[in-house]
Each structure stands twice: as structure tokens, then as C-alpha cells.
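Reviewing the structure listed below.
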Amino acid sequence: MDRRHPVMRIGTRKSDLALAQARMLAEACSNVEHTFCWELAELMTAGDAIQNRPLYAFEGKGMFVSAFEKALLEGEMDVAVHSGKDMPVDMPPELITGAVLPRGNPMDVLVTVRGKWPAQGGVIGTASLRRREQVKQFMGCKTQMVRGNVITRLQKLLAGEVDGLILAAAGLERLALLPGETQGRGPGGADGREPFRGAYGTLSRSAIRERFSFQVLEETTFLPAAAQGIIAVQCRRDSPYRGLLAQVNDRETMYSFLAERAFLRATGADCHQPAAAYSRCRDGILQMDAAYWQDGTCFRSSVRGPAEQSEALGREAAEKIMAVIQGAGNGNR
């Protein structure tokens, strides 16, 4: 007997990007099951409601997730769609990550007002501890907390509050904001006739492309956050939708997701501690580069091995870094 709700209730935040990612899940499920029906269940999270504090000032890393976990446990939605990098490494035992979609571009992007390049000592807007360390190390710039949805951040850049922004490439691509992107899932589709809304009014897609410059930052300097570019789908362990989710799950992306999160868990890193991890799978082999900052010093490691041992590889990357840190500490005694 099929115990599924006749319509999958897909939990999502209310931003244009979150809605776009929820629709990507719905599209993937519809491609597998042609009679699939769905509806969006939109929630406001603590991270959305409180915009005047940096992410690391919140307790734990669940400011974008805990409300959805409560709704899943109480049966108010069937699945919840998250940006993988926002998910805490631990979740209630009744919940699992039922699927991840194929990874988007995992890199960071430097966004500037067209024709205005940040000078040495300029101010780059970001709420990420990892990006703050990388901006200081590789750009010689200062940083300032900038929060809000993508459009609100762009509006703050236009207003001159900062000289540049660091944003995730995957989010910009999913909204078709980068030049040449045509597959946007934001307001009005890729043609952008319906504008995006931010805290200070609206911006059209065409205006964004005309007024801003976008430079993708290489991972050799700006190693991305763990699970950046990954859309993760959370559900109950006993969910009747697990079979469908298994069919849309991307195996190689799941290996990367598990490895990078295992690295975070083993280092104890979250929004309170800057860390980065990026893995690639090819022909059953996983290669991962990781970084961890302590007292302004960056420690890096790389691991390689069978993708099926992804979590063990993530822990190995963490152990390598922790051994170097411990050795450095012993050397100072």
C-alpha cells in the first residue's frame, strides 16, 4: 500500500534561490515519475529573520535548517530542500539526507560594479569566516559583514557599502545571473521579465548583467566551503518517498557530500570555525582538498582513494591537518 501523501510537500525557504532549488528537485522527480505531483511549503528560518548578526554569532549551524527539521518530524512537509553547505553535520536520528542532486559549480565568484575593481585595502562583503580568511590572504582587502538574499547583497554593493562581494557561483548560475546563462529558474524564467526582489526594491536580470562584473575564483586560492554547490534533500528515515529520492540521487555528488561533511565533523568545524573542502569523483576515485584555519594560519591537506570510502577519506584529511596542528603546538612548548 502506498502511504505517500498524494502531493509531495517540498519544504523550502522563501528566497528566489531557495525556490529555484526546490523546483529543481520537483523537476528531477517529475522526470522519473511522470504522475508526480508536488507543492511548495515555504518557511521563514531564524537565519532569514535575523539579518543584523553574522552567521558565526548563531548557536550551532542550524539557523537555516532547524525549522525544517521540526516540520519534517511533525509531518508538516515530506522533504526539505537545502543548500548543502548550510546543513549541520549532525541531524536528528529520525531524519536522513535522502538525495543530493548533481553538483552545480562549487566555486566562489567575486562580484564588482562594472568598471570598479577593488583597490588594495578595499572592502569585500561576506558573512563567511572562510571567505574572510581567503580575502585577507589572497586579495589584501578588508571584509565587512553583508547578509541578505543575493539581490539585497547586490543592492548594497551598488549603494557603495562595499567594493565587492564574494558569492557562490552555483546560486548565480541557478538564477541565470551570470553572462551567458539561459536556464534560470528565478522570477520570469531565463528571460528575466519579472524582476528579482531585494530589501531595497527590485532588480531585473538584464540590469544585473549590465551593471556588475563577475569573476570566478580558482580553487587553488579560494577553496570552496564543504558541500558548496550541492542541493541536499532531507526527509524522514521512514519516508515513503525514499524510493523516489533514491532514483534522483546523484551517486558521485553524494560521495563528495559525505566526504566533505566527514571532514567538517572530524575537525569540529562549522560556522564558528573557518574550513573548506572540495572533492571530485572520477572513475570511482575521489580526490579531496581541504583547509582549516586556526589563529589566522591555514592548514591544508589532500587525500585520494576509492569513492566508496568517502567518509573515511574525509576523516583522513582532517587527521592529517590535526596532526600538523598538534605537532606545531608541541614544537612551541
Side-chain angles (χ1 to χ4, degrees), residues 13 15 17-18 21 47 54-58 60-65 81-90 97 100-111 124-139 143 145-147 149-150 153 165-174 216-232 253-280 286-294 298-303 310-311 313-314 317-318 321:
R13 293 162 61 193
S15 72
L17 177 56
Q21 294 181 161
L55 300 180
Y56 54 83
F58 287 83
K61 197 184 177 184
M63 57 275 185
F64 294 122
V65 176
V81 178
H82 306 293
S83 293
K85 65 184 179 65
D86 292 337
M87 291 184 68
V89 293
D90 296 311
T97 302
V100 293
L101 301 187
R103 191 172 204 164
N105 188 334
M107 299 300 124
D108 284 323
V109 174
L110 173 63
V111 186
I124 304 299
T126 178
S128 160
L129 289 175
R130 170 189 63 88
R131 288 170 175 162
R132 283 173 53 180
E133 293 288 350
Q134 291 168 323
V135 165
K136 180 172 60 177
Q137 181 178 358
F138 298 112
M139 296 181 63
T143 59
M145 186 192 77
V146 172
R147 293 205 46 221
N149 65 26
V150 171
R153 297 186 198 195
L165 297 169
I166 306 290
L167 300 175
L172 295 171
E173 289 182 353
R174 287 167 186 155
V216 177
L217 302 170
E218 297 297 327
E219 79 244 32
T220 51
T221 50
F222 274 75
L223 195 66
Q228 184 159 304
I230 296 177
I231 296 173
T253 301
M254 181 62 85
Y255 285 141
S256 292
F257 181 75
L258 293 174
E260 293 165 23
R261 284 165 60 81
F263 170 77
L264 292 184
R265 183 180 291 109
T267 56
D270 56 17
C271 283
H272 300 83
Q273 190 71 31
Y278 173 47
S279 57
R280 290 81 70 201
L286 183 140
Q287 167 78 38
M288 188 172 83
D289 299 309
Y292 180 89
W293 284 263
Q294 181 168 288
C298 179
F299 299 87
R300 298 185 69 133
S301 68
S302 296
V303 293
S310 56
E311 290 185 279
L313 289 169
I321 288 176

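What's counted below: heavy atoms across the whole structure, side chains too, no hydrogens, waters or symmetry copies. Bear in mind that the values here come from a model prediction, so they are computed numbers and not experimental data.
In terms of heavy atoms, Ala168 sits closest to Asp108 at CA-OD1, 4.3 Å. Nearest heavy atoms, Asp90 versus Arg265: OD1-NE, 3.3 Å. Across all their heavy atoms, Val65 and Met87 have their closest contact at CG2-CA, 4.1 Å. Gly125 and Val146 make their closest contact through CA-CG2, 3.7 Å (heavy atoms, listed as atom of the first residue, atom of the second, distance). Contact detail for Phe257 and Ala227: the closest heavy-atom pair is CD1-CB, 3.9 Å. The minimum heavy-atom distance between Ala275 and Phe263, with the atom names listed, is CB-CE2, 4.2 Å.
With sequence neighbours left out, the side-chain contact (heavy atoms from CB on, under 4.5 Å) criterion links Ala225 to Lys85, Arg130, Gln228. Contacts of Thr253 classified as side chain to side chain donor-acceptor pair (under 3.5 Å), with partners at least two apart in sequence or in another chain: Asp250. Among residues two or more places apart in sequence or in another chain, the side chain to side chain donor-acceptor pair (under 3.5 Å) test is passed with Ser279 by Ser256, Glu260. Listed by chain and residue number, nothing satisfies the salt bridge (Lys or Arg N to Asp or Glu O under 4.0 Å) test with Arg261 (two or more places apart in sequence, or in another chain). With sequence neighbours excluded, the residues that form a side-chain contact (heavy atoms from CB on, under 4.5 Å) with Ser301 are Ala290, Ala317, Lys320, Ile321. Scanning for side-chain contact (heavy atoms from CB on, under 4.5 Å) contacts around Ala170 gives Arg174, with sequence neighbours left out. Take Glu311 and apply the salt bridge (Lys or Arg N to Asp or Glu O under 4.0 Å) test, not counting sequence neighbours, and it matches no residue. Under the side chain to side chain donor-acceptor pair (under 3.5 Å) criterion, Thr267 pairs with no residue, sequence neighbours left out. Every residue two or more places apart in sequence or in another chain was checked for a side chain to side chain donor-acceptor pair (under 3.5 Å) with Thr221, and none qualifies. Under the rule for a side-chain contact (heavy atoms from CB on, under 4.5 Å), the partners of Leu223 that lie at least two apart in sequence or sit in another chain are Gln134, Glu219, Ala276, Tyr278, Asp289, Ala291, Arg300.
With hydrogens and angles disregarded, a donor-acceptor distance shorter than 3.5 Å links the side chain of Ser128 to the backbone of Arg131. Looking at Gln273, its side chain does come within 3.5 Å of a backbone N or O of Trp293 through a donor-acceptor pair.
When each of Ile230, Val81, Ile231 is tested with Leu101 by the rule side chain to side chain contact (heavy atoms under 4.5 Å, CB included), just one qualifies, namely Ile231.
Residues Ile166 and Val135 form a side-chain contact, since some pair of their non-hydrogen atoms from C-beta on lies under 4.5 Å apart. Contact check for Leu110 versus Ile124: side-chain heavy atoms found under the 4.5 Å cut-off.
In this structure, Ser302 OG and Met288 CE are separated by 8.5 Å, a value rounded to the nearest 0.5 Å.
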